[in-house]
Amino acid sequence: MRTRMVEELKNQQRQFYGAIAARMEQAGDALQVQGKRLTGTRLLWQAYAALALPLSVDHDEHLRGMLYGEDAILSGYDTLQDVEVTPVLNDVQDMYAMFGAAAAPPSHNILQDLAPVVTARADKLKAAIDASLDAQAAAGGPEASAWVEPTLLRLRLSVPN
């Protein structure tokens, strides 16, 4: 009886995680709205760093990893990252879907672990950006004309002739 009950509880837990992942795709659902907000925060951090620190983002592996790599801020759902280039789970929806399909789901609600991870990653990214900005200030100013040159180059390369 105990074995059957354990299996049934695991099945219920998997269904719960799958339902959470599905709700994050349903337009207007409260979880979908929060997922969009979380994703927007991630994209805002990425855009801010790319504009304010283009050379640092290009040359600082640690900073780039915190923006785009496996240590990046979590989003609510998939951002358009190439899985071949970035084979990591950086969104909450995929984590719930993964545990919804897992043979042995975790023994506790993963939300307890996600909240501190989101906060810790955001704090580490903020500290890295602050350190880069402080280093620029000590060196005599921002990354000068480099602020706009990489952006203009990317725009020129993205527009076919």
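What you are looking at is a predicted structure, and each value in this text was computed from that prediction instead of being measured. All values below were derived from every heavy atom in this structure, side-chain atoms included, with hydrogens, water molecules and symmetry-related copies excluded.
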As an exercise, state the distance from [atom1] of [X] to [atom2] of [Y], rounded to the nearest 0.5 Å.
X	Y	atom1	atom2	result
Lys124	Ile73	NZ	CD1	10.5 Å
His59	Leu53	NE2	CG	12.0 Å
Leu44	Arg37	CG	CZ	13.0 Å
Tyr17	Met98	OH	CE	10.5 Å
Gln136	Leu55	CD	CG	8.5 Å
Ile129	Asp134	CD1	CG	12.0 Å

Please determine if Asp60 and Arg64 form a salt bridge, counting it only when a charged side-chain N lies under 4.0 Å from a carboxylate O. no
Give the intermediate values and the outcome of side chain to side chain contact (heavy atoms under 4.5 Å, CB included) for residues Met24 and Asp29. CA-CA 7 Å; Met24 293 182 84; Asp29 188 283; over 6 Å; no
Minimum heavy-atom separation for [X] to [Y], with atom names?
X	Y	answer
Asp91	Gly76	CB-C, 4.2 Å
Ala72	Leu67	CB-O, 3.5 Å
Leu63	Ser132	CD2-OG, 4.3 Å

Quick one, Glu7 with Arg4, criterion salt bridge (Lys or Arg N to Asp or Glu O under 4.0 Å). Give me CA distance, side-chain angles, the key distance, then yes/no. CA-CA 5 Å; Glu7 286 305 312; Arg4 287 193 327 213; over 6 Å; no
Between [X] and [Y] (side chain of the first, backbone of the second, donor and acceptor by atom type, cut-off under 3.5 Å), is there such a pair?
X	Y	answer
Arg14	Ala101	no
Arg42	Leu74	no
Gln13	Gly100	no

State whether a side-chain donor-acceptor pair under 3.5 Å links Gln32 with Glu25. no
Determine whether Tyr96 and Leu111 satisfy the following criterion, side chain to side chain contact (heavy atoms under 4.5 Å, CB included), listing intermediate values before the conclusion. CA-CA 9 Å; Tyr96 273 100; Leu111 186 59; 3.6 Å; yes
Shared hydrophobic cluster for Val118 and Val33 (ILVMFWY, side-chain gaps under 4.5 Å): no
Would you say Phe99 and Leu114 are hydrophobically clustered, going by side-chain heavy atoms of ILVMFWY under 4.5 Å? yes
